[in-house]
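First listed ligand is number 1; within each ligand, the first listed atom is number 1. We count residues from 1, following the sequence as given.
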Amino acid sequence: MNKTPYLPEDATILKITPMTERETLFEIELENGNTLGHQPGQFVEVSVPGVGEAPISISSSPTKDGNSFELCVRAVGNVTNILHGLKEGDNIGIRGPYGTGFPVDELKGKDVLFIAGGLGIAPLRSFINYALDKRDEFANVKILYGCREPCELLYEEEIDGWKERDDIEYLETVDRCPEGVCWEGNIGVITTLIPGIDIDLENTYAVICGPPIMYKFVLMELDKKNIPDERIILSLERHMKCGLGKCGHCQINGSNAEYYVCQDGPVFNYADIKGFEEAL
Ligand SMILES: Cc1cc2nc3c(=O)[nH]c(=O)nc-3n(C[C@H](O)[C@H](O)[C@H](O)COP(=O)(O)OP(=O)(O)OC[C@H]3O[C@@H](n4cnc5c(N)ncnc54)[C@H](O)[C@@H]3O)c2cc1C
Ligand code: FES
């Protein structure tokens, strides 16, 4: 008999790495020893027995060595706060991977412009590291990453490695830098980085993930650069329950179509959701 899709797989927390005051990186392995088998951009439902479930993006690339995968979790509520109190070796439940991933095959041979705001770097990192591990399969790779303040930057050590590579371009910015904090990068919202970048209009895809407020302004800047809607890929966040297209919690409606973000997304082509007022 097939196992019900609502039953989580047992999993073990192998490693816990605090990243900022609110975000922690969890390295997780399924107890059955299988790899997760995900695509960059997909998510899992993480469960803590007796507390509940939360959808969390898979932050590691499928090209990573070993069977484990990584989740970057911000402590905001019931499940995520309890997760932050767990220890290495503790057990959690995992359902998934769910949702559409980034269209990595469609983007092969293309220039890819990654634009990450805040925690949006978590799902994008999966695709970025995929592209870096398979560097010759993609043309120019540019990464723009912005946070509110320097202390909120995630994956700092790894990003130091990105900065040293001469086969990608990496630019970062913070909205503001408190007095006394050392910061040599740009100050300003992420859209301030876009006018200065060179874009090959025939070949560039933009891949965006960030807080809802960011999309409107980033899309306006990309429009000024004349990037067609069809070559803008974005990942949406909605409140979810089942993660499987059954409960309707994550539904977004357009004038003549509807999508379940958990199943039809979270990754969408902008051209497909442009008319959906609820989407952005
Ligand atoms: C596809 C996807 C990927 C995600 N990836 C990540 C990730 O990589 N890392 C990460 O940290 N988070 C991620 N999230 C966000 C995460 O799932 C939410 O923050 C989730 O609510 C946390 O669960 P919780 O039980 O800890 O918080 P909750 O107890 O659910 O509370 C979280 C916040 O949401 C509010 N809230 C709860 N339910 C509702 C509701 N029905 N309507 C309005 N407000 C509500 C609460 O008041 C609180 O402010 C992702 C979400 C989606 C959909
Ligand atoms: S979360 Fe249930 S339909 Fe999307």
Check for a donor-acceptor pair, side chain of R165 on one end and backbone N or O of E169 on the other, with a separation under 3.5 Å. no

Atoms in ligand 1 flagged as close to R74, the criterion being non-hydrogen separation under 4.0 Å: 10 (C), 11 (O)

Any nitrogen or oxygen of L119, main chain or side chain, under 3.5 Å from a nitrogen or oxygen of ligand 1? no

For atom 9 (N) of ligand 1, the protein heavy atom that lies nearest, with its residue and separation: C72 O, 2.8 Å

Within-cutoff protein neighbour (heavy atom, under 4.0 Å) for atom 6 (C) of ligand 1: yes

Are any side-chain N or O atoms of R176 and backbone N or O atoms of E149, one a donor and one an acceptor, separated by less than 3.5 Å? no

Need the ligand 1 atom indices (1-based, order shown) with element for anything under 4.0 Å from a heavy-atom of A54. 22 (C), 23 (O)

Where is the nearest protein heavy atom to atom 39 (C) of ligand 1: which residue, which atom, and how far? H239 CE1, 3.4 Å

May I ask whether atom 25 (O) of ligand 1 is less than 4.0 Å from at least one protein heavy atom? yes

Pairwise side-chain contact, L83 with V46, heavy-atom cut-off 4.5 Å (strictly under): yes

Does ligand 1 come near enough to E53 that some N or O of the ligand is less than 3.5 Å from an N or O of the residue? no

Which is it for R238 and ligand 1 at heavy atoms under 4.0 Å: side chain, backbone, both or neither? backbone

Any protein heavy atom at under 4.0 Å, with atom 50 (C) of ligand 1 as the reference point? yes

Test log, rule side chain to side chain contact (heavy atoms under 4.5 Å, CB included), inputs F127 and F138: CA-CA 11 Å; F127 189 5; F138 298 88; 4.0 Å; yes

Between A11 and I28, which heavy-atom pair has the shortest distance, and what is it? CB-CG2, 3.7 Å

If we set the cut-off at 4.0 Å for heavy atoms, which region of M240 has an atom near ligand 1: side chain, backbone, both, or neither? side chain

Do the side chains of K225 and I194 get nearer than 4.5 Å, heavy atoms only? yes

Under 4.0 Å from any heavy atom of V76, which atoms of ligand 1 are there? 19 (O), 22 (C), 32 (C)

One pair to check against salt bridge (charged side-chain N to carboxylate O under 4.0 Å, His left out): K15 and E88. What are the steps and the verdict? CA-CA 5 Å; K15 193 171 174 201; E88 292 174 0; over 6 Å; no

Below 2.8 Å, which protein N, O or S atoms neighbour atom 2 (Fe) of ligand 2, ignoring water? C242 SG, C247 SG

Look at atom 15 (C) of ligand 1 and say which protein heavy atom is nearest, naming residue and atom and giving the distance to 0.1 Å. E237 OE2, 3.3 Å

Is the shortest distance from atom 22 (C) of ligand 1 to a protein heavy atom below 4.0 Å? yes

Among all the protein's heavy atoms, is there at least one whose distance to atom 30 (O) of ligand 1 comes out below 4.0 Å? no

As an exercise, identify every atom of ligand 1 less than 4.0 angstrom from a heavy atom of V79. 24 (P), 25 (O), 26 (O)

Residue, atom and distance of the protein heavy atom nearest atom 12 (N) of ligand 1 read I56 CD1, 3.6 Å

Of all the atoms in ligand 1, which lie at a distance below 4.0 Å from a heavy atom belonging to V73? 11 (O)

If you define the side chain from C-beta out and look only at heavy atoms, does anything of F217 sit under 4.5 Å from V189? no

Ligand 1 atoms nearer than 4.0 angstrom to some heavy atom of T80 are 22 (C), 24 (P), 26 (O)

I'd like to know if the side chain of D90 and the backbone of L86 have a donor-acceptor N/O pair within less than 3.5 Å. no

Acceptor/donor pairs from residues 33-43 side chains to any protein atom, 3.5 angstrom cut, sequence neighbours excluded:
residue	atom	partner	partner atom	Å
H38	NE2	S60	O	2.9
Q42	OE1	Q39	N	2.8
Q42	NE2	G99	O	2.8

Side-chain donor or acceptor of Y170 paired with backbone N/O of L144 under 3.5 Å: no

Is the backbone N or O of Y260 less than 3.5 Å from a side-chain atom of D264, with the two atoms forming a donor-acceptor pair by type? yes

Find all atoms of ligand 1 within a distance of less than 4.0 Å from any non-hydrogen atom belonging to G77, and give their numbers and elements. 24 (P), 26 (O), 27 (O), 28 (P), 29 (O), 31 (O)

For atom 17 (O) of ligand 1, find the nearest protein heavy atom and state the residue, atom name and distance (0.1 Å precision). P55 O, 2.6 Å

Donor-acceptor contact present, side-chain R231 to main-chain T204, <3.5 Å: yes

Do Y259 and F268 make the cut of ring centroids closer than 6.0 angstrom? yes

Is S57 in polar range of ligand 1, meaning some N or O pair under 3.5 Å apart? yes

